[in-house]
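As the structure is a prediction and not an experimental result, all values here were calculated from the model. Quick note: numbers below take in every heavy atom, side chains included, and nothing from hydrogens, waters or symmetry partners.
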Amino acid sequence: MPVISASTVSGASGLSKFVPISRRALKGLKEYGRKLVDLELFTQYLDEWVMENLNSDSVDGMHGFSSLFTIGELRKLDVALEGVPFQQLVRMPIFSEVSEELIEDQYLAVEDFLHAVIIGLWRTFWHKSGPLPLCVSCPSYPGSKFNSVEKAISRGRLREMRGLGLISKASTDSKIKWDQVVEFAIFKPELLLDNALRVSANTICEALFYGFHVLVSRSLSKISSVNSDSVFLLVLDSKSGVVIKFSGDLGKLDLSNSNNPYLSVAEWIKTYAEICITPAEPIWNQLGNPNWGDIGALQILLATFYSIAQWNGPPRKSVATLISDHSFRLQKRRTECCIIETENALVPYYDHQDGEIVEVDQNDLFSNNRPSRLKLKHGDVVVLDDPQQGQRSFQIHEYLVRGNYYLYSAICLDHPLALLSLYVGAHTSRLEPSWEDMSLWYQVQRQTKVLNILRNQGILSKYLPEIVASGRIVHSGHCNKESPGGKCDHPWCGTPILVTSPVGEPLSSVVSNEGTFSADEAMRLCRDCLVALRSAAIANVQHGDICPENIIRVVEKQGNNIRNHHNQAMYVPISWGRAVLEDRDSPAINLQFSSSHALQHGKLCPSSDAESIVYIIYFITGGTMSQQDSIESALQWRENSWAKRSIQQHLGQVSALLKGFADYVDSLCGTPYPVDYDIWLTRLNKAVEGSADKGKMIEEVAITLRLEDAAESSGASGP
């Protein structure tokens with residue numbers, strides 16, 4: 001899988017939750033779960049088959065079971081988790097002799113290890129604060145009660161424990177049930193692996209035994225909303241671990257053989273279930289600490305990441321976003337060490353603290369070499385040569401973490417009253433065909449082009465970003481470039497800069513910090529975004545990259561009274577660099593928020609941006625978005641969601657108006673018919689503003705209508 005992100009969670013897609021089609025089927029499945037309690041008998045039916053799959057070699061040298069994670073997936077997660085403070089406080093004791101006291105300490109260590117995994121992943125990807133939605137608890141047998149390890153030890157029942165479950169706290173019932181199991185871990189105090197790090201067939205059978213009970217409990221559950229027939233299973237001893245993904249459609253289980261459910265379940269596993277197993281890898285070192293950056297722990301982290309996403313929806317901050325921060329961290333490290341990258345070596349440079357950007361040694365160090373990216377810090381002054389306005393100075397306020405590009409908040413020294421967004425690009429002669437460099441080009445050079453098109457056609461709206469200045473940076477020292485569009489030997493000569501207004505908090509951050517939106521705020525966001533899309537449509541411009549990172553919340557202050565509590569937020573779509581201006585342009589592809597037409601054809605239809613807005617509203621109001629690992633699975637999720645009307649049903653619980661808008665967009669998806677923004681803006685404005693502030697929105701729409709008339713009379717708006 002190329003990228004792990006909120007939109008690309010392998011192992012959590014493509015399999016729908018089994019829903020019994022009749023009371024008889026429900027009763028039969030429940031009976032199977034009740035009768036299937038003998039682990040030894042279960043193992044007898046599967047042991048030989050599991051052994052054959054473990055020992056059989058496929059063409060690529062792997063065993064008969066499918067492999068689970070690629071080294072590329074683990075490497076991406078490793079980079080994303082740089083600096084994340086995973087901390088196991090209870091060390092794993094490792095001694096040659098096994099005793100009851102040692103086993104107790106080992107169970108406590110495993111419990112704390114899983115707690116550390118939950119805390120680290122949840123605080124990194126979902127929410128930095130607030131209560132955790134998961135806990136760790138232990139059952140004695142399928143259907144039994146769950147207890148903490150300490151309680152099991154105090155009651156002398158530790159030997160009865162069969163594993164540790166990661167439990168969802170979604171239920172209001174104080175008693176933990178099996179349908180709340182998010183992930184299940186089997187722990188063997190005695191070594192379950194031999195010197196060759198091979199897990200036994202009996203241990204795999206035991207994992208499948210509990211995995212089957214988890215799947216059955218979820219299928220019979222009245223509270224579980226997990227949209228999957230798969231579960232991740234961990235197999236651990238005091239040194240190493242294995243991850244198993246067990247999945248299958250329980251609808252294909254033969255429920256007629258009630259006298260021998262073991263045979264039916266074994267045949268179902270052999271015929272219909274999919275089992276993927278990772279290699280056994282060490283987790284704890286000789287001091288009892290987990291090697292968080294090694295393959296063994298990363299496999300556990302990745303499986304748990306997918307499990308949490310399966311239950312709690314996609315993370316607020318994606319793996320791709322954290323990976324993109326790596327270049328910034330690397331640049332910071334190099335800055336701290338006073339080094340800068342050239343083609344052949346890392347060489348020192350000098351950072352002068354006199355208000356200018358950077359003064360470098362002018363001894364041809366950077367001739368024909370690739371420079372480092374321009375990294376700015378608080379207080380730095382950027383002098384910009386704008387072809388229309390001449391030289392303008394901006395002072396950096398702070399670095400804004402957004403995707404794979406460099407964005408800062410800054411103030412104009414001539415008018416230091418409002419914060420502005422300052423994008424730093426790369427000179428065209430220095431661009432490389434990499435993800436990072438192309439992101440810089442789209443965010444600066446092409447976004448400048450798009451916003452200039454809107455401005456030149458007289459399209460003005462507070463719901464659209466506005467260019468404040470654009471041009472090239474004026475560096476310190478002498479510049480000997482031969483032409484206005486050229487560059488000299490200075491590493492940052494010719495670096496393009498784009499300054500826009502307004503500045504706000506990205507939607508992804510708002511949801512991460514404040515949780516789901518209310519109906520009023522969701523309708524306000526929908527209204528504001530549709531105003532922006534309608535304004536851009538006058539110039540035949542479509543955004544092409546609607547996602548939570550590209551919509552910001554801007555707080556408007558109403559009046560000068562500091563006690564005024566009527567400050568309102570507005571929402572502005574930003575990052576117009578991937579906008580579609582003509583047929584040959586391709587939009588950005590986002591497996592979670594792109595329209596079906598964009599995913600299938602690589603092009604936009606007239607309603608594509610509106611369809612993305614529907615997914616945004618579904619996301620911010622707490623809708624569970626299934627995870628995809630490919631365009632095919634993303635399209636399948638959209639097809640199923642629209643066919644089953646699950647999006648409309650969820651939005652109907654939030655607002656009847658939003659449900660109606662989703663129905664309307666559904667009728668347009670993939671068709672050549674344009675969106676009738678006016679009718680929905682009228683309805684949304686009435687719901688958002690009411691009668692008190694109705695005039696504001698009417699004025700905004702009226703301005704847009706006049707602009708459209710002017711564009712049409714000049715022939716700018718097209719047919």
So do the side chains of Thr304 and Leu121 get within less than 4.5 Å of each other, counting heavy atoms only? yes

On a heavy-atom basis, the closest approach of Gly33 and Val216 is CA-CG1, 4.4 Å

Pair Trp126 and Phe305, ring centroids less than 6.0 Å apart: yes

Is the distance between the ring centroids of Phe593 and Phe619 less than 6.0 Å? yes

Are Ser512 and His127 linked by a side-chain donor-acceptor pair shorter than 3.5 Å? no

State, without any angle test, whether Ser575 and Glu549 hold a side-chain donor-acceptor pair at a distance under 3.5 Å. no

State the NZ-CG distance between Lys35 and Leu41, to the nearest 0.5 angstrom. 13.0 Å

To check you understand the geometry: which heavy-atom pair defines the closest contact between Leu54 and Ser200, and what is its length? CD1-C, 4.3 Å

Could you tell me which residues satisfy side-chain hydrogen bond (donor to acceptor under 3.5 Å, both in side chains) with Asn289, sequence neighbours excluded, listed by chain and number? Arg91

Would you find a donor on one side and an acceptor on the other, under 3.5 Å apart, between the side chain of Ser137 and the backbone of Asn147? yes

Nearest 0.5 Å, please: how far is CG in Leu208 from CD1 in Ile244? 6.0 Å

Quick one: does Leu236's side chain get under 4.5 Å of Ile186's, heavy atoms only? no

Side chain of Gln106, backbone of Pro93: donor and acceptor closer than 3.5 Å? yes

Ser238 side, atom OG; Met92 side, atom CE - distance, nearest 0.5 Å: 6.0 Å

Val136: partners by side-chain contact (heavy atoms from CB on, under 4.5 Å), with sequence neighbours left out: Glu111, Leu114, His115, Ile118, Leu164

Between Asp112 (side chain only) and Leu108 (backbone N and O only), is there a donor and an acceptor less than 3.5 Å apart? no

Does the side chain of Phe146 reach to within under 4.5 Å of the side chain of Trp178, using non-hydrogen atoms? yes

Pair Val231-Glu183, side-chain contact (heavy atoms from CB on, under 4.5 Å): steps then yes or no: CA-CA 6 Å; Val231 60; Glu183 183 178 80; 5.8 Å; no

Show your reasoning for whether side-chain contact (heavy atoms from CB on, under 4.5 Å) applies to Ile275 and Ile269. CA-CA 9 Å; Ile275 300 171; Ile269 292 175; 4.0 Å; yes

Donor on one side chain, acceptor on other, Trp284 and Gln88, under 3.5 Å: yes

Straight-line distance of Lys245 NZ to Tyr306 OH, nearest 0.5 Å: 9.5 Å

Determine, step by step, whether Arg75 and Asp78 satisfy the salt bridge (charged side-chain N to carboxylate O under 4.0 Å, His left out) criterion, reporting the C-alpha distance in whole Å, the side-chain angles of both residues, the deciding distance to 0.1 Å, and the verdict. CA-CA 5 Å; Arg75 185 178 292 114; Asp78 179 45; over 6 Å; no

Ignoring hydrogens and geometry, is there a side-chain-to-backbone donor-acceptor pair from Tyr210 to Gly163 under 3.5 Å? no

Nearest heavy atoms of Asn513 and Glu505, plus distance in Å: ND2-OE2, 3.4 Å

What's the verdict on side-chain contact (heavy atoms from CB on, under 4.5 Å) for Leu134 and Trp122, showing C-alpha distance, side-chain angles and the deciding distance? CA-CA 9 Å; Leu134 302 169; Trp122 185 259; 5.7 Å; no

More than 12 heavy atoms from other groups under 6.0 Å of CD on Glu40: no

Pairwise distance CG(Leu233) to CZ(Phe184) - rounded to 0.5 angstrom: 8.5 Å

Students often mix this up, so state it plainly: with edges at 30° and 60°, are the rings of Phe86 and Trp292 parallel, tilted or perpendicular? parallel

Using modelled atom types only, decide if a donor and an acceptor are shared between the side chain of Arg218 and the backbone of Val182 within a distance under 3.5 Å. yes

Report the relative orientation of the aromatic rings in Phe69 and Phe232; use parallel for angles under 30°, tilted for 30 to 60°, perpendicular for over 60°. parallel

Before giving the answer on side-chain contact (heavy atoms from CB on, under 4.5 Å), spell out for Thr516 and Thr621 the whole-Å C-alpha distance, their side-chain angles and the decisive distance to 0.1 Å. CA-CA 5 Å; Thr516 57; Thr621 55; 5.7 Å; no

Is a side-chain N or O of Glu73 found less than 3.5 angstrom from the main chain of Thr70, in a donor-acceptor match? yes

For the pair Trp268 and Phe246, name the ring-plane relationship: parallel under 30°, tilted 30 to 60°, perpendicular over 60°. perpendicular

Would a 4.5 Å heavy-atom cut-off, applied to side chains only, mark Gln592 and Tyr615 as touching? no

Checking the side chain of Thr278 only, and the main-chain atoms of Val243 only, is there a donor and an acceptor separated by less than 3.5 Å? yes

Are any non-hydrogen side-chain atoms of Leu29 and Ser219 less than 4.5 angstrom apart? yes

Test item: Ser509 side-chain N/O and Pro506 main-chain N/O as donor-acceptor pair under 3.5 Å: no

Distance-only, no hydrogens or angles: does the Thr203 side chain make a donor-acceptor pair with backbone N or O of Val199 under 3.5 Å? no

Leu39 to Cys205 - nearest heavy-atom pair and separation: CD1-O, 4.5 Å

Nearest non-hydrogen partners of Gly120 and Thr124, listed with the distance: O-OG1, 2.6 Å

Would the distance check show the side chain of Ser409 and the main-chain N or O of Glu398 forming a donor-acceptor pair, the cut-off being under 3.5 Å? yes

Please report the closest heavy-atom contact between Leu77 and Leu298, naming both atoms and the distance. CD2-O, 3.9 Å

Between the CD atom in Gln299 and the CG atom in Leu68, the distance rounded to the nearest 0.5 Å is 8.0 Å

Can you confirm whether Pro290 sits close enough to Phe113 that some side-chain heavy atom of one is under 4.5 Å from a side-chain heavy atom of the other? yes

Evaluate the side-chain proximity of Asn285 to Asn291: yes if any heavy-atom separation is below 4.5 Å, no if none is. yes

Tyr408 and His397 aromatic centres sub-6.0 Å: no

Please identify each residue that fulfils salt bridge (charged side-chain N to carboxylate O under 4.0 Å, His left out) with Glu514, with sequence neighbours left out. Arg553

With the side chain counted from C-beta on, respond yes when Glu281 and Asp294 share a heavy-atom pair under 4.5 Å apart, and no when they do not. no

